[in-house]
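Worksheet: one structure, shown below.
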Number of protein chains: 2
Amino acid sequence: MNMGTSKTSEYTEKEIAIANYAKALSHPARIAILNLLVKKQACICGDIVDELPLSQSTVSQHLVKLKEAGLIKGDIDGASVCYCIDEKEWKKAMAQMGELFQTLLTTKVKCC
Amino acid sequence: MNMGTSKTSEYTEKEIAIANYAKALSHPARIAILNLLVKKQACICGDIVDELPLSQSTVSQHLVKLKEAGLIKGDIDGASVCYCIDEKEWKKAMAQMGELFQTLLTTKVKCC
DNA sequence: CATATTCATCGTAAAATTACGATGAATAAT
DNA sequence: ATTATTCATCGTAATTTTACGATGAATATG
């Protein structure tokens with residue numbers, strides 16, 4: 001029995017990509033950082049630390065995760081660093097997530 | 001110095017809500033489950049296990065997390081359970097996440 | 001040059017997440 | 001009634017995440 005077994009051994013690229021973006025957004029501190037970057041309408045740096053209930057090193061780690069996910073970029077500007085939304089990458093991210101959202105929103109569910 | 005200290009001791013409700021939704025989506029298995037629920041256009045149950053590279057108990061745990069986040073619902077149907085997208089809750093979730101996305105997309109960043 | 005500021009990184013500890021097998025409860029089938 | 005199927009939960013181990021202080025590199029300021 002069980003001839004047509006189709007247990008996948010991996011996930012699709014898309015699934016992994018979306019999960020990674022979601023992971024980058026899965027902590028309130030990182031959402032707060034993104035909001036700060038927009039609200040201040042300027043590339044703040046250590047100011048982020050002042051606005052969050054976290055130490056400098058912890059904030060730095062969150063910034064690394066946002067950078068790794070490609071959601072923000074940080075340019076060195078003298079002694080300080082200028083962080084801001086990476087518009088181009090952000091759009092790519094949102095396009096991928098939006099695709100999933102749209103599918104789930106528009107597909108008519110007819111059960112339960 | 002530092003008179004106007006405004007280090008927040010907490011995050012906003014919105015930040016926490018968005019982070020929670022993102023956390024629910026932060027694992028490829030859970031993205032795959034959502035896609036399966038849509039693709040099959042029917043409330044599958046243990047079939048999910050056959051399609052994923054995970055054990056039954058692990059899949060069950062992922063389903064719990066999706067349920068806790070309010071993204072899916074599961075109705076008991078005899079011996080099996082019928083899972084499907086919770087349309088109403090899903091729309092609420094997407095509205096909240098979409099709000100953040102829109103803000104970050106439309107706000108003109110003028111730095112870096 | 002000496003000192004201060006800004007930020008990243010290292011080491012470490014605590015907590016959360018992920019995954020599995022084993023077990024059990026509930027319903028269905030024989 | 002017995003047996004099989006479906007799913008949740010428990011216990012546990014391995015890994016990842018979160019957070020902090022300490023330290024260090026780089027630039028700016030005195």
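By convention in this document, chain letters (A, B, ...) are assigned in the order of the sequence lines, proteins followed by strands, and residues within each chain are numbered from 1. Please read all numbers here as calculations on a predicted model, not as lab measurements.
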How close or far is atom P of D:dC7 from atom CG of B:L52, stated in whole angstroms? 13 Å
Measure the distance from CG on B:D75 to P on D:dC7 and round it to the nearest whole Å. 13 Å
Nearest-Å distance for atom pair NZ/C1', residues A:K67 and C:dT9: 12 Å
Give me the ring orientation class for B:F101 and A:W90: parallel if the planes are under 30° apart, tilted from 30 to 60°, perpendicular past 60°. perpendicular
What integer distance in Å separates A:I31:CD1 from D:dT18:P? 12 Å
What's the CD-P distance between A:E68 and D:dT16, to the nearest Å? 14 Å
Quick one: which protein N/O atoms are closer than 3.5 Å to N/O atoms of nucleotides 17-25 of chain C? Pair and distance per line, please.
{"residue": "C:dT17", "atom": "OP1", "partner": "B:K23", "partner atom": "NZ", "Å": "3.3"}
{"residue": "C:dT18", "atom": "OP2", "partner": "B:R30", "partner atom": "NH1", "Å": "3.3"}
{"residue": "C:dT18", "atom": "OP2", "partner": "B:K65", "partner atom": "NZ", "Å": "2.5"}
{"residue": "C:dA19", "atom": "OP2", "partner": "B:H27", "partner atom": "NE2", "Å": "3.3"}
{"residue": "C:dA19", "atom": "OP2", "partner": "B:H62", "partner atom": "NE2", "Å": "2.7"}
{"residue": "C:dA19", "atom": "N7", "partner": "B:Q61", "partner atom": "OE1", "Å": "3.4"}
{"residue": "C:dC20", "atom": "OP2", "partner": "B:S55", "partner atom": "N", "Å": "2.9"}
{"residue": "C:dC20", "atom": "OP2", "partner": "B:S55", "partner atom": "OG", "Å": "3.2"}
{"residue": "C:dC20", "atom": "OP2", "partner": "B:T58", "partner atom": "OG1", "Å": "2.9"}
{"residue": "C:dC20", "atom": "N4", "partner": "B:Q61", "partner atom": "NE2", "Å": "3.1"}
{"residue": "C:dG21", "atom": "N7", "partner": "B:S57", "partner atom": "OG", "Å": "3.3"}
{"residue": "C:dG21", "atom": "O6", "partner": "B:S57", "partner atom": "OG", "Å": "3.4"}

B:T58 side-chain N/O to B:L54 backbone N/O, donor-acceptor pair under 3.5 Å: no
Between A:D47 (CG) and C:dT5 (P), how many Å, whole number? 15 Å
Distance (rounded to the nearest 0.5 Å) between A:L25 CG and B:Y21 OH: 14.5 Å
Can you name the nearest heavy-atom pair linking A:P53 to B:E10, along with the distance? CG-N, 4.4 Å
Is it true that B:K65 and B:E68 have a side-chain N and a carboxylate O under 4.0 angstrom from each other? no
Looking at B:K23, is its backbone amide N or carbonyl O close enough to the side chain of B:R30 to form a donor-acceptor pair, meaning the two atoms are under 3.5 Å apart? yes
In short, the helix from C:dC1-D:dG30 to C:dT30-D:dA1 is bent end to end, axes from five pairs each side, to 10°, by 20°
Residue pair B:S60 / B:S57, side-chain donor-acceptor N/O under 3.5 Å: no
Measure CG/A:L63 against P/D:dT17 and give the value in whole Å, please. 17 Å
Assess whether a salt bridge exists between B:K73 and B:E89, defined as any Lys/Arg side-chain N lying under 4.0 Å from an Asp/Glu carboxylate O. no
